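Following: one structure in structure tokens, then a few remarks.
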Amino acid sequence: MVTVRMEGLTKYFKKGKNIVKAVDHITYKISDGIAFGILGPSGHGKTTLLRLIAGLEIPTDGYVYFDDEPMSAPGKIVVEPERRNVAMVFQNWLCILT
Ligand SMILES: Nc1ncnc2c1ncn2[C@@H]1O[C@H](COP(=O)(O)OP(=O)(O)OP(=O)(O)O)[C@@H](O)[C@H]1O
Ligand SMILES: [Mg+2]
């Protein structure tokens, strides 16, 4: 496993004329081997934060590191999601039955 480190991690979304600050300058370290949970009210950025760590969102600003290797940087994905060895269970399932 790895230590996940976020540095000034930020994700803003445009919603019409407004800007939604889904994740706003988070600096935090989740050490290797730790079981870690994120709690918070609906719409406060939990899923967006996980998507940033998995590489499914491009940061508006800030960095994601696994150990000391940069995964994401401001405005770009450095290591693609499929190369991060991260699994994510999505909260909403889309089932297409044919
Ligand atoms: N792709 C997107 N485009 C625009 N706005 C988005 C997008 N994804 C998330 N948001 C907005 O970012 C904010 C945070 O959403 P997020 O889904 O991360 O919250 P959450 O804490 O996971 O909520 P919940 O507990 O309901 O799952 C919300 O205001 C949401 O509407
Ligand atoms: Mg969510």
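The analysis underlying the following values was restricted to heavy atoms, covering all of them including side chains, and did not include hydrogens, waters or symmetry mates. Treat the numbers as computed from the prediction; the structure is a model and nothing was measured. Counting starts at 1 for both ligands and their atoms, in listed order.
Nearest protein heavy-atom neighbour of atom 19 (O) of ligand 1: Gly45 N, 3.2 Å. In this structure, the protein non-hydrogen atom closest to atom 26 (O) of ligand 1 is Ser42 OG, 2.6 Å. Considering only non-hydrogen protein atoms, atom 23 (O) of ligand 1 sits nearest to Gly43 N, 2.8 Å. Shortest contact from atom 3 (N) of ligand 1 to any protein heavy atom: Phe13 CD2, 3.5 Å. Nearest non-hydrogen protein atom to atom 25 (O) of ligand 1 is Lys46 NZ, 2.7 Å. If you check which protein heavy atom lies closest to atom 27 (O) of ligand 1, you get Gln91 NE2, 2.9 Å. The protein atom (non-hydrogen) at minimum distance from atom 16 (P) of ligand 1 is Thr48 OG1, 3.7 Å. What sits closest to atom 12 (O) of ligand 1 on the protein, heavy atoms only, is Ala22 CB, 3.4 Å.
Note on ring orientation: taking the six-membered ring where Trp is involved, the planes of His25 and Tyr12 are perpendicular (angle over 60°, cut-offs 30° and 60°).
In terms of polar-atom proximity, defined here as any N/O pair under 3.5 Å, Val20 makes no such contact with ligand 1. Of the N or O atoms in Glu57, none lie within a sub-3.5 Å distance of an N or O in ligand 1. The shortest N or O to N or O distance between Thr47 and ligand 1 is below 3.5 Å.
Under the 4.5 Å side-chain contact rule for hydrophobic residues, Leu9 and Ile19 do not share a cluster.
Nearest heavy-atom pair, Val20 versus Lys15, reported as atom, atom and distance to 0.1 Å: CG2-CD, 3.8 Å. Of all heavy-atom pairs spanning Thr3 and Asp32, the tightest one is OG1-N, 3.1 Å. Gly8 and Thr27 get closest at one heavy-atom pair: N-OG1, 2.9 Å.
Lys11 has its side chain out of reach of Lys21: every pair of non-hydrogen atoms, C-beta onward, lies at least 4.5 Å apart. Val23 places none of its side-chain heavy atoms less than 4.5 Å from the side chain of Thr10.
By the definition of a contact as any protein heavy atom under 4.0 Å away, atom 14 (C) of ligand 1 is in contact.
The 12-atom threshold is exceeded at CZ of Phe13, counting heavy atoms of other residues, nucleotides or ligands nearer than 6.0 Å.
Ion pairing between a basic and an acidic side chain is recognised when a charged N comes within 4.0 Å of a carboxylate O; Glu82 and Arg84 show no such pairing.
Heavy atoms of Lys15 found under 4.0 angstrom from ligand 1 belong exclusively to the side chain.
Below 4.0 Å from some heavy atom of Pro41 lie the following atoms of ligand 1, by number and element: 21 (O).
In this structure, CD1 in Ile53 is found 14.5 Å from OH in Tyr65, a value given to the nearest 0.5 Å.
Within the coordination shell of the Mg ion (ligand 2), defined by N, O or S atoms under 2.8 Å, Thr47 is present.
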